[in-house]
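Heads up, the thing below is written out as structure tokens.
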Amino acid sequence: MNQEGCLLAVCTAQGRVKLYRSPYSEFCAEWIEVKDISDLLFDYLVSINFGEEEQAVENELVMECWNDPQNSAVSKKRKRKITGAADLGNQLSIDLMKQDEKLFTTCTELACFPCSLLKKGSTVEVLEQNGDQRIWVGGVIKRVVKAKALVLFREKMNGKQEEWVELNGERNHSVVIGDTPHKNTSSLRIRPSMDVGNLPEEIALVESNEVDGILSIGKNVEAWTNERWVEGLFMGFNGNNLTVQLLGLSDCIELNTMSVRLAPVWNGEVKSWQLTVVKIESSNQKLLQIVEVQPQKVTEKPLKSTRGSGTRPLLSAEKYASRSSMLSSVIVAWSPTLYPSNDCAILAVGGKIGKISFWRIHEPHCYSVEQSMDSVDAVLVGLIQAHNTWITAICWEFSAKALEYPVLLVTGSSDGSVKIWLGDKAMLASSDVNSAPFSLLYEVKAAAPSPVSILSLTVPSRSQDKISLAVGRGSGLLDLWICDTTNCEFQFAGSYEAHGQVVTGLAWAFDGCCLYSCGQDNTICCWILHDSTLHIAPIPSNTLGPWPSTDLPHVSDSCFGLAVSPGNLVAVVARGFDTDLLNPMYQARTQKAAVEFFWVGGQHHEISSDANEAFEIEPYPGLAQREMMLWESNILSSLNQYDNLDKPLVLWDVITALSALKKSAPKFVEKILAKWLSSWLLDSNLDFPIDEILSHARDSLSKIQSRKIHLLNVFCRKLMLSELKADTLNKQDGLEELGIAENENLKPWFHLLTSNERQLRERLVTFSLATVLSLASSSSTNNSKIKYWEPHGIAQMEQWVTINQEQIHLASEVNKLNKSKLHSISEYVTKEQCNFCPAPVPFESPEGGLCGGSKNSKGVNDRHKLSRCAASMQVCPTTPLWLCVCCYRWVWKLPPQTLFTMRACSSGLNSLKEAEVSSKPFCPFCGILLQRLQPEFLLSPSPV
């Protein structure tokens with residue numbers, strides 16, 4: 001998944017790469033496919049003829065063969081009639097042999113196409129009858145409902161582009177042509193697309209007695225005419241052509257051999273269509289083997305014909321294998337979001353032939369919960385030959401100071417080689433595939449080569465002139481390399497016997513101080529980097545308590561991968577189960593793997609530590625004093641990383657850890673928060689009482705950046721005031737109504753939350769009014785500035801300012817608005833109407849309201865409770881909405897991006913510039929990503 005969590009790249013077992021997004025605009029649990037990278041790669045390779053040189057020598061031999069037919073391999077009794085060079089098509093040349101030699105023998109294979117292939121997205125053939133003619137027309141299944149499939153045809157059939165087709169049928173009747181029963185007919189109207197079985201051209205060169213055993217007179221066949229298969233009977237040879245009688249026609253037609261195949265047969269016992277494939281073998285070893293090119297693309301786009309002029313494109317086995325390897329991908333990896341552009345990332349796709357393709361993928365301009373935004377722009381910006389064998393590992397790293405350009409790429413191969421590449425700025429804008437986006441910086445050569453299984457690269461912020469590279473190998477070894485970027489010198493720091501089997505996971509943590517590894521031998525290790533050497537260290541026990549989990553068996557036999565949480569407080573390991581130890585009736589059917597969480601916030605970073613440092617706080621059960629110090633240090637380091645405004649707020653590990661600590665050591669949690677607040681609010685590391693710090697924060701809100709206010713709101717709601725319901729906090733009715741009037745510990749946090757949200761709402765209103773003033777002062781509305789934010793709910797914001805004019809300073813600014821121009825600039829609606837009745841909805845609160853109501857049949861006045869958008873204060877429509885899982889507010893119109901990067905509150909409307917559109921759905925009060933609320937019954941029971 002890319003850094004922002006917007007797109008998921010999946011490499012399938014078939015070697016295809018597809019992009020998916022979460023179903024934020026659909027009522028489902030499955031992720032939505034938005035782009036097929038393999039299709040794009042196929043189109044590019046076709047445009048360059050797969051990079052192959054013209055086979056001039058082969059073409060000359062073929063032309064010589066056709067110009068001198070007496071020396072060709074065609075038998076005397078079945079000479080081929082040549083009408084021109086166009087007859088050659090895309091066929092391969094065949095070595096010429098003498099006529100008196102026995103060149104060819106025949107053999108057959110049975111190809112099965114089970115009915116299980118009939119599913120969404122698969123190519124199919126549908127039976128259409130024109131009188132007695134039976135025609136199979138190609139199409140694609142758009143969707144399947146029970147026992148019916150909606151098929152999209154290549155061309156309109158009977159005036160229809162698509163048709164519902166029954167999937168089931170009985171094979172219980174036959175059709176008689178003259179005196180001959182046609183036994184291959186069936187009431188089944190749909191079958192999988194069988195793009196094989198065309199008779200080989202060399203069948204005309206085989207002895208007659210061998211051919212008669214396979215292709216006898218009256219044999220059921222299918223002929224490829226007019227871009228479709230038509231059922232008929234084989235009536236004999238005419239030179240090198242075949243004579244076929246199509247069903248429903250009295251006359252016979254002549255076709256070349258590659259336009260005819262034996263008719264597929266339905267086998268009801270195995271529920272499969274079976275097709276006999278005829279193959280020709282040569283006694284001359286120099287004769288090239290001929291195989292068919294199988295189509296690899298399955299889409300719902302209008303289909304393009306893969307057959308032309310009755311001939312099929314044929315390739316040698318060697319060339320077919322080469323092209324197949326070019327299209328087979330084995331690994332994908334996302335780059336960090338590239339700054340300063342901040343709107344695109346690079347997807348690296350490694351293949352079997354050692355090549356890596358690079359795809360520049362831009363983030364969507366905006367996200368809408370109301371309609372699908374599937375348009376994802378993927379541009380191929382480079383294709384390099386990184387290794388000579390399979391690409392088995394790819395790793396990215398971003399460093400703004402380490403090198404001239406901050407993007408680093410590390411690749412590993414099955415031959416054990418590892419290469420480090422330096423990114424080129426051209427990949428941000430260039431679309432020239434031939435210009436290499438990466439240049440080789442260094443090639444790592446191992447003393448004992450073993451396939452590379454995993455890579456992990458880090459550039460510590462404390463020392464950005466150093467790069468640490470960990471290489472996991474199939475032998476279980478772990479190699480460490482250290483690079484000094486000032487002189488580009490690479491030092492081999494050692495090789496370690498980390499695991500007994502393949503190393504499957506590596507993850508750096510704590511700014512490059514620790515390295516976690518896991519292996520296929522079901523073991524997990526922690527390593528501490530000290531003086532360019534790795535030292536084994538124990539993993540902290542789960543002293544904060546076990547994670548909530550389902551009832552899963554403890555019979556794991558391997559580790560598939562490992563990751564560390566954004567705050568470096570939790571390690572996550574994917575484990576596989578030993579199926580022999582599972583209950584075959586229940587567990588083995590549904591439980592394939594599990595995800596295990598480990599607390600690592602108390603991890604030691606150094607070889608030796610001083611445990612006598614002063615630390616006065618109540619002890620936490622199961623935690624030593626030194627471990628509590630480490631938890632404090634690691635949590636503070638995790639919070640400090642959000643000083644970078646480009647880093648999205650992902651706080652689940654911090655909140656979970658602090659919530660667990662709060663149960664037994666609430667003073668310890670307050671101490672951590674007080675220390676964090678003092679470091680940036682008071683610019684001091686001294687210990688101040690938490691009440692004084694929170695009071696100072698309330699008085700200084702206008703000078704605090706929005707990111708800090710969002711962090712404080714999350715801590716207030718999910719940590720300090722977690723006992724109170726979100727909708728109760730949103731009303732902000734007062735301490736007595738909330739039941740915390742007597743709780744001196746919660747009162748300061750409630751007052752801080754109230755002041756924070758009023759400050760953020762004031763900033764949002766300020767942006768809206770400033771934008772309106774800017775547009776009103778211009779001669780005309782500039783609709784071309786699509787990157788700028790468009791304000792909504794101006795009338796409701798005016799009413800909010802009037803209600804709270806004693807607490808905010810915007811009342812005088814509202815009078816500056818030119819009401820006459822507001823109607824042409826923004827949606828200025830003063831009177832809102834209920835979504836369920838014609839009654840008006842008065843503005844009483846920005847959180848929600850009640851409509852005026854209407855009398856029902858019993859004379860009772862029914863009033864509807866309505867929610868308001870957290871950004872625009874307008875009444876939310878009944879369409880799907882964004883939801884914040886922290887404050888549980890609904891968002892209809894997204895707030896401006898500038899709100900989340902604002903350093904301090906503006907002194908006036910005229911001092912603000914136009915706000916930019918928010919490309920991602922963020923909550924205006926919590927700063928986290930919004931979600932679409934899904935009912936529990938739609939949650940998928942299996943992991944994505």
- Task: Assess whether side-chain contact (heavy atoms from CB on, under 4.5 Å) is satisfied between E163 and F153, documenting all intermediate values.
- Result: CA-CA 8 Å; E163 179 185 358; F153 295 111; 3.6 Å; yes
- Message: Side chains of W359 and I346, heavy atoms from C-beta outward: is any pair under 4.5 Å?
- Response: no
- Query: Mind checking what makes side-chain contact (heavy atoms from CB on, under 4.5 Å) contact with V46, not counting sequence neighbours?
  - Reply: F42, F50
- Check the pair V10 / W31 against side-chain contact (heavy atoms from CB on, under 4.5 Å), numbers first and verdict last. CA-CA 11 Å; V10 176; W31 280 47; over 6 Å; no
- Item | Rounded distance [0.5 Å steps], CG in L110 versus CG in N267 | 8.5 Å
- Message: So does V381 get a backbone contact from the side chain of R360, meaning a donor-acceptor N/O pair under 3.5 Å?
- Response: no
- Note on the structure: Sorted by chain and residue number, the side-chain contact (heavy atoms from CB on, under 4.5 Å) partners of Q931 (sequence neighbours excluded) come out as V885
- Query: Would a 4.5 Å heavy-atom cut-off, applied to side chains only, mark V349 and S357 as touching?
  - Reply: yes
- Task: Considering non-hydrogen atoms only, spot the tightest contact between G139 and V151 and give its length.
- Result: CA-CG1, 4.1 Å
- Could you give the distance from CH2 (W224) to CG (N256), rounded to the nearest 0.5 Å? 13.0 Å
- Query: Counting only N and O atoms by type, is there a donor-acceptor contact under 3.5 Å from the side chain of S122 to the main-chain atoms of L118?
  - Reply: no
- Query: So do I135 and V137 actually touch side chain to side chain, heavy atoms under 4.5 Å?
  - Reply: yes
- Item | Q161, CD atom: more than 12 neighbouring heavy atoms under 6.0 Å | yes
- Query: Does some side-chain heavy atom of L242 sit less than 4.5 Å from a side-chain heavy atom of F237?
  - Reply: yes
- Message: Using 0.5 Å steps for rounding, measure from the CG atom of L7 to the NZ atom of K35.
- Response: 11.0 Å
- Message: Quick one: does any side-chain atom of N198 pair with a main-chain N or O of M258 as donor and acceptor, under 3.5 Å?
- Response: yes
- Query: Within the distance-only criterion (no hydrogens, no angle test), does the side chain of S272 pair as donor or acceptor with the backbone N or O of V270 below 3.5 angstrom?
  - Reply: yes
- Item | Under 3.5 Å donor-acceptor, S38 side chain and V17 backbone | yes
- Item | Minimum side-chain heavy-atom gap I361-D377 below 4.5 Å | no
- Query: How would you list, by chain and number, every residue that makes a salt bridge (Lys or Arg N to Asp or Glu O under 4.0 Å) with R228, sequence neighbours excluded?
  - Reply: E155
- Which heavy-atom pair separates W229 from S259 by the least distance, and what is that distance? CZ3-O, 3.9 Å
- Which atom pair, heavy atoms only, marks the closest approach of K148 to W164? CB-CE3, 3.8 Å
- Message: For L247 versus D132, what's the shortest heavy-atom pair and its separation?
- Response: CB-O, 3.6 Å
- Any side-chain heavy-atom pair of F234 and S216 under 4.5 Å: no
- Item | Verdict with supporting geometry, L127 and V165, side-chain contact (heavy atoms from CB on, under 4.5 Å) | CA-CA 10 Å; L127 177 63; V165 182; over 6 Å; no
- Can you measure from NZ (K352) to CH2 (W390) and round to the nearest 0.5 angstrom? 4.5 Å
- Message: Quick one about E128 and W136 (side-chain donor to acceptor, distance below 3.5 Å, no hydrogens or angles considered), yes or no?
- Response: no
- Task: Could you tell me the separation between the CD atom of E30 and the OH atom of Y20, rounded to the nearest 0.5 Å?
- Result: 11.0 Å
- From the list T276, V278, V277, L275, side-chain contact (heavy atoms from CB on, under 4.5 Å) partner of R261 resolves to L275
- Query: Does K142 pair with E162 as a salt bridge, N-O distance under 4.0 Å?
  - Reply: yes
- Checking S322 side chain against E318 main chain: does a donor-acceptor pair fall under 3.5 Å? no
- N-O pairing of K120 and E33 below 4.0 Å: no
- Taking side-chain contact (heavy atoms from CB on, under 4.5 Å) as the test, write out the residues that go with Y44, two or more places apart. S47, I48, L380, L383, V433, N434
- Is a donor on one side and an acceptor on the other found under 3.5 Å between the side chain of D36 and the backbone of D39? yes
- Min side-chain heavy-atom separation L255-I253 under 4.5 Å: yes
- Query: Measuring from R21:CZ to L8:CG, what's the distance to the nearest 0.5 Å?
  - Reply: 12.5 Å
- Note on the structure: Of all heavy-atom pairs linking S329 and C11, the shortest is O-SG, 3.3 Å
- Can you check salt bridge (Lys or Arg N to Asp or Glu O under 4.0 Å) on E125 and R134, steps first, answer last? CA-CA 12 Å; E125 296 167 354; R134 294 172 57 85; over 6 Å; no
- Task: Taking side-chain contact (heavy atoms from CB on, under 4.5 Å) as the test, write out the residues that go with L117, two or more places apart.
- Result: F113, P114, P192
- Message: Is there a side-chain contact between L40 and V379 in this structure, where contact means two heavy atoms from C-beta onward sitting under 4.5 Å apart?
- Response: no
- Message: Let's go through L347 and L19 carefully: what are the C-alpha distance in whole Å and the side-chain angles of both, what is the deciding distance for side-chain contact (heavy atoms from CB on, under 4.5 Å) to 0.1 Å, and is it a yes or a no?
- Response: CA-CA 10 Å; L347 176 66; L19 297 183; 3.9 Å; yes
- Taking every non-hydrogen atom, the tightest pair across P880 and R932: CG-NH2, 3.7 Å
- Item | salt bridge (Lys or Arg N to Asp or Glu O under 4.0 Å) partners for E109, two or more places apart | K279
